[in-house]
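Each residue takes its place number in the sequence, starting with 1.
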Amino acid sequence: MNLSQEEIYSKEKHGSSIRRVILVVVMALFGMTYSMCNSIRYGFLADAFERRHLPGKVFGLLESSIILGFVLMYLSKGTELIMKRKRHRFIFAAILIAFTAISLSTGVVYLIDNNLLMLVLSFILRILQGAATFASNLLPVDFIHVHFPEQFDFVNSVALMGCFCGHGISESIGCLLYDRFGYVVPFIFAASLTFLAAILLLLTFPDTETYLASQDTDRSDNAVLDSSEKSNLPLTKALILPLMVIMLINANHGVLQVSVTPFLHENFGVSISYAGRCLTFLAVGMASGGLLTGVLLQSKKLSHYTVMAIGTGCLFVGLNLTFPPTFIPSLYKVAPKTAFPGVFLAGLGDPLVSITTLTALYDLQELRMGPLTPEVVTKITSIWLMGYCAFYFGGPFIAGFLTDYLSFSDSSLILSSLCVLSLMICVVMRTMTARMRIRNNSEKRHLLQDNLTD
């Protein structure tokens, strides 16, 4: 049987079902490995810098310097320029290999005896790592838009599930390797896995154009952008509300990841390895939350903001189980045990908020400004990534500052109040979007009636 030209194109573009499954799995492994490179240090970072007699705010500022890399990459639009000229397979591999070398270097410079020189080099490398991380997060979303447009929510959640899982696994393994072999070995381990992932990408990923590049090609065939696309380029100011939710929640989550180890070690005398095992439950929670988010969003049974509110509630409970308030002595005494379900719930809640926010931003923009163009999709994804990463990696700075001046329990109360604020924003946004849908449906009905009358 002869295939039509459209069917041949579709088969070449999307491939067989087995190949599509392989692509999703490789994307999840991709996310897991680069997130391990980013997070391998978090479990033992406070202890390592304390041994060099450096205060918490120093290592917190160092870790948060990665945000400058995100900002520079976003302002320069470097990722977008690359995606308009290159193809997925080589972009993924090249960025991942560069990212591997930079991440390994951030561990090796710790061997330098001079604290000032070590910190200066660490700041520079962490900024470069931030630029590579920004591209590593934006490219998978672009890839999903090309190959899985109809299953975007589910595939994106699976890909991010690998990323979330890598964060938790790396902290657990990092603490174990640090306890036994010192500071540098965890970085060698994470970099080796990431390099293998880059090779796997080269072997399995199709040599297809990126989302932006393919859309540009289509437009060159159809001449110029029409007026509806041009009018869609501005972004609605309402996007700031869901962005506030993701920023608040990820600041909380970033603080939790860095603070669990010193909290259990200093207050209850448990080993670094024990705290690392506790962080394993964080990985399980994040993986479970990633898959659950994909199922909930793809089924469309719950609104974006309902899913976000559930995630916020999970993080609120998780924080208070991990760092119980001192005014509840019976709960505080068993903190080493309650920390396990606490970090699991926190891990479960983070993807419910983080993944959902991206699709909520798309939905909100479309409700307010009309159909989305590729430029707007890329711009929104970049802004979401800035909010997500900036505050997630800003967690170490906040954690270092809080632990220098406040107790862990006091810090937990502050973070819990941010969860409550996030929950209130979710309620406001759910009401707002419901009204916008009613208004848009009403306008469509009036327009249809006018057309019928004419």
Side-chain angles (χ1 to χ4, degrees), residues 33-70 72 97-133 167 169-195 254-255 257-267 269-276 279 392-405:
T33 53
Y34 84 73
S35 65
M36 287 182 73
C37 266
N38 265 325
S39 305
I40 194 76
R41 62 213 290 148
Y42 281 173
F44 56 83
L45 189 68
D47 182 76
F49 274 73
E50 187 179 329
R51 292 186 182 188
R52 296 190 69 144
H53 307 292
L54 294 170
K57 54 190 174 186
V58 172
F59 81 74
L61 186 61
L62 169 63
E63 289 308 289
S64 300
S65 63
I66 193 173
I67 299 169
L68 294 177
F70 304 150
L72 292 174
I97 290 172
F99 177 75
T100 301
I102 296 169
S103 299
L104 179 59
S105 301
T106 60
V108 173
V109 295
Y110 184 83
L111 298 175
I112 299 174
D113 292 331
N114 186 293
N115 276 348
L116 180 60
L117 180 59
M118 183 271 292
L119 287 173
V120 170
L121 291 176
S122 295
F123 269 107
I124 295 172
L125 288 168
R126 196 64 172 157
I127 292 170
L128 292 175
Q129 193 179 32
T133 300
H167 282 304
I169 291 175
S170 66
E171 289 160 359
S172 175
I173 295 175
C175 288
L176 181 63
L177 293 176
Y178 171 77
D179 246 2
R180 296 189 179 185
F181 304 107
Y183 189 86
V184 179
V185 171
F187 293 89
I188 297 175
F189 172 79
S192 301
L193 290 180
T194 311
F195 180 76
V255 171
Q257 288 191 106
V258 177
S259 300
V260 168
T261 302
F263 171 67
L264 296 177
H265 181 61
E266 294 173 15
N267 292 38
V270 302
S271 67
I272 300 294
S273 296
Y274 178 93
L279 289 171
Y392 185 86
F393 292 107
F397 172 72
I398 300 171
F401 181 82
L402 291 175
T403 53
D404 275 350
Y405 298 101

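Among residues two or more places apart in sequence or in another chain, the salt bridge (Lys or Arg N to Asp or Glu O under 4.0 Å) test is passed with R51 by D47. Looking at residues two or more places apart in sequence or on another chain, you find a side-chain contact (heavy atoms from CB on, under 4.5 Å) between V109 and I112, L121, S122, L125. Under the ring-ring contact (aromatic ring centres under 6.0 Å, His included) criterion, F263 pairs with F268, F323, F408, not counting sequence neighbours. Taking the side-chain contact (heavy atoms from CB on, under 4.5 Å) definition, one finds that A191 meets it with T100, L104, sequence neighbours left out. Under the rule for a ring-ring contact (aromatic ring centres under 6.0 Å, His included), F49 has no partner lying at least two apart in sequence or in another chain. Partners of F189 under the ring-ring contact (aromatic ring centres under 6.0 Å, His included) rule, at least two apart in sequence or in another chain, do not exist in this structure. Listed by chain and residue number, L193, T194, A197 satisfy the side-chain contact (heavy atoms from CB on, under 4.5 Å) test with T33 (two or more places apart in sequence, or in another chain).
Atom OG in S103 sits 13.0 Å away from atom CD1 in I188 (nearest 0.5 Å). The CZ atom of F187 sits 12.0 Å away from atom CE of M36, with the distance rounded to the nearest 0.5 Å. Here the CE-CG distance, from M118 to L116, works out to 9.5 Å after rounding to the nearest 0.5 Å. The CG atom of L68 sits 11.5 Å away from atom CZ of R126, with the distance rounded to the nearest 0.5 Å.
By the 4.5 Å heavy-atom criterion applied to side chains, F70 and T133 are counted as neighbours. Residues F99 and C37 form a side-chain contact, since some pair of their non-hydrogen atoms from C-beta on lies under 4.5 Å apart.
Sorted by first and then second residue, the side chain to side chain donor-acceptor pair (under 3.5 Å) pairs with a member in residues 104-113 read R41-T106; sequence neighbours excluded.
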